[in-house]
Amino acid sequence: MRQLIAGNWKMHMLRAPASELAREVRAGAQGLACDLLVCPPFTAIETAAAALAGSDVAVGGQDCHAKGQGAHTGDVSAAMLRDAGASWVILGHSERRQNHGETDELVREKVLAAVEAGLTPIVCVGETEDQRVGGQETEVVGWQIAGSLPKPFAGVVAYEPVWAIGTGRTATEQDVATMHAFIREELVRQFGEAGQGVRILYGGSMRPANAGALLAVPHVGGGLIGGASLNAEDFLAIARAASRG
Ligand code: PGA
């Protein structure tokens with residue numbers, strides 16, 4: 001299966017630089033043998049989608065509400081993301097779980113809303129530093145998968161150890177191999193044969209220098225890239241590493 005390289009722009013990029021970055025990604029994406037996705041903040045989705053129209057680079061949101069519409073001040077629905085030009089959405093990112101108290105149950109409701117609106121969800125899971133030090137990483141991630149993914153599940157899972165996000169510390173290839181094999185096993189246990197086909201991304205300080213090694217680990221189906229996705233050169237270097245596999 002082709003690898004998916006997804007950029008999570010987080011709360012960065014006004015519309016003008018978003019448009020420029022999207023155009024640079026578009027120009028460098030020609031001929032790459034991986035799937036590419038950029039996830040701008042809400043206000044830049046339409047701009048990025050316009051810059052990428054007719055290309056193979058997809059656009060996604062970083063969150064959506066679990067309800068289709070209603071009295072939810074400040075929230076954005078999955079249909080609104082779709083209307084703005086998104087076809088994907090990141091859900092349950094650890095920054096949302098931590099900063100907005102999102103539970104597995106809420107993430108599962110959001111996944112259902114996203115799929116209903118025609119978006120492909122990327123559901124993030126991953127342990128905190130304390131949980132890893134306590135030897136609970138597989139238990140925690142197993143619970144997150146069981147609680148956050150509806151059955152059937154038509155989407156992508158991203159393993160993002162919280163301690164590796166934005167810290168410059170990357171999980172070792174051995175850690176990633178262990179966790180991705182465990183996640184694959186869990187997906188097959190919970191979803192049967194369909195669990196074999198779910199792409200599992202790695203996220204957490206992926207950069208051009210470590211991407212080749214991380215993307216070569218068995219059961220790694222791509223990367224979810226934060227910091228390095230804000231720069232077209234780095235993002236495309238990671239995409240080229242994914243295309244070599
Ligand atoms: P990072 O972020 O690449 O900056 O560590 C990854 C993410 O949070 O998705």
Side-chain angles (χ1 to χ4, degrees), residues 3-13 17-18 21 25 34-42 44-45 48 57-64 81 86 88-102 107 110-111 114 119-129 131-132 137 140-141 144-145 148 155-173 175-176 179-180 183 199-215 217 220-242:
Q3 297 211 319
L4 169 65
I5 299 301
N8 176 6
W9 294 0
K10 305 194 179 184
M11 200 171 73
H12 296 284
M13 297 284 160
L21 178 55
V25 170
C34 68
D35 295 330
L36 277 178
L37 166 67
V38 295
C39 300
F42 291 132
I45 287 177
V57 184
V59 178
Q62 302 172 13
D63 177 45
C64 69
L81 291 181
W88 291 74
V89 62
I90 299 168
L91 293 172
H93 189 281
S94 63
E95 287 155 13
R96 299 222 45 100
R97 291 179 185 264
Q98 287 186 335
N99 303 342
H100 298 269
E102 293 197 3
V107 173
K110 290 184 174 197
V111 172
L119 301 176
T120 305
I122 298 177
V123 179
C124 302
V125 297
E127 80 285 357
T128 62
E129 175 133 50
Q131 289 164 338
R132 177 160 280 267
E137 62 275 15
V140 167
V141 168
Q144 287 175 332
I145 291 172
S148 307
V156 171
V157 171
Y159 170 59
E160 298 206 303
V162 177
W163 46 272
I165 295 177
T167 58
R169 287 169 59 201
T170 317
T172 64
E173 286 158 49
D175 291 339
V176 174
M179 291 306 291
H180 279 244
I183 291 168
R199 277 195 280 206
I200 310 168
L201 312 184
Y202 169 78
S205 299
M206 192 183 275
R207 308 178 286 277
N210 60 26
L214 290 165
L215 293 167
V217 172
V220 173
L224 181 54
I225 326 293
S229 74
L230 297 174
N231 165 312
E233 201 181 310
D234 285 353
F235 187 61
L236 290 165
I238 295 171
R240 282 192 296 276

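Residue indices begin at 1 and follow the sequence shown. Side chains included, hydrogens not; waters and symmetry mates left out as well; all remaining heavy atoms used. Just follow the structure's listing: the first ligand is 1, and inside any ligand the first atom is 1.
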R169/E129 ion pair, N-O < 4.0 Å | yes
Below 4.0 angstrom from a heavy atom of L224, which ligand 1 atoms are there? Numbered from 1 as shown, please.
-> 6 (C), 9 (O)
So which protein heavy atom does atom 9 (O) of ligand 1 come closest to, and at what separation?
-> E160 OE2, 2.7 Å
Residue N8 vicinity, atoms of ligand 1 by number, heavy atom under 4.0 Å | 9 (O)
Reported OG1-to-CD1 distance for the pair T120 and I90, which is rounded to 0.5 angstrom | 12.5 Å
Residue pair V162 / E127, side-chain heavy-atom distance below 4.5 Å | no
Judged by modelled atom types alone, do R97 and S148 share a side-chain donor-acceptor pair under 3.5 Å?
-> yes
Are side-chain heavy atoms of R207 and T170 found at a separation under 4.5 Å?
-> yes
Ligand 1 contact on A158 by region, counting heavy-atom pairs under 4.0 Å | neither
What about G226: any of its N or O atoms under 3.5 Å from an N or O on ligand 1?
-> yes
Does S205, backbone or side chain, put an N or O under 3.5 Å from an N or O of ligand 1?
-> yes
Salt-bridge test for R96 and E102: reply yes if a basic N is under 4.0 Å from a carboxylate O, no otherwise.
-> yes
Could you list which atoms of ligand 1 come closer than 4.0 Å to a heavy atom of A164?
-> 5 (O)
Would you say R207 touches ligand 1, if touching means a heavy atom closer than 4.0 Å?
-> no
Which one holds for I165 and ligand 1: side chain close, backbone close, both close, or neither close, with close meaning a heavy atom under 4.0 Å?
-> both
Can you sort out which atoms of ligand 1 are near H93, meaning under 4.0 Å from one of its heavy atoms?
-> 7 (C), 8 (O), 9 (O)
Do Y159 and E137 have side-chain N/O donor and acceptor atoms under 3.5 Å apart?
-> no
Can you sort out which atoms of ligand 1 are near G227, meaning under 4.0 Å from one of its heavy atoms?
-> 1 (P), 3 (O), 4 (O)
Looking only at N/O atoms, are G166 and ligand 1 under 3.5 Å apart anywhere?
-> yes
Judging by distance only, is a nitrogen or oxygen of K10 under 3.5 angstrom from one on ligand 1?
-> yes
Should A228 be listed as contacting ligand 1, given a heavy-atom distance under 4.0 Å as the test?
-> no
Below 4.5 Å, heavy atoms only, C-beta onward: do V59 and C39 meet side chain to side chain?
-> no
Of all the atoms in ligand 1, which lie at a distance below 4.0 Å from a heavy atom belonging to G204?
-> 5 (O)
Does N99 use its side chain to pair, donor to acceptor, with the backbone of E95 at less than 3.5 Å?
-> yes
Out of curiosity, H93 NE2 to Q62 CD, how far, rounded to the nearest 0.5 Å?
-> 8.5 Å
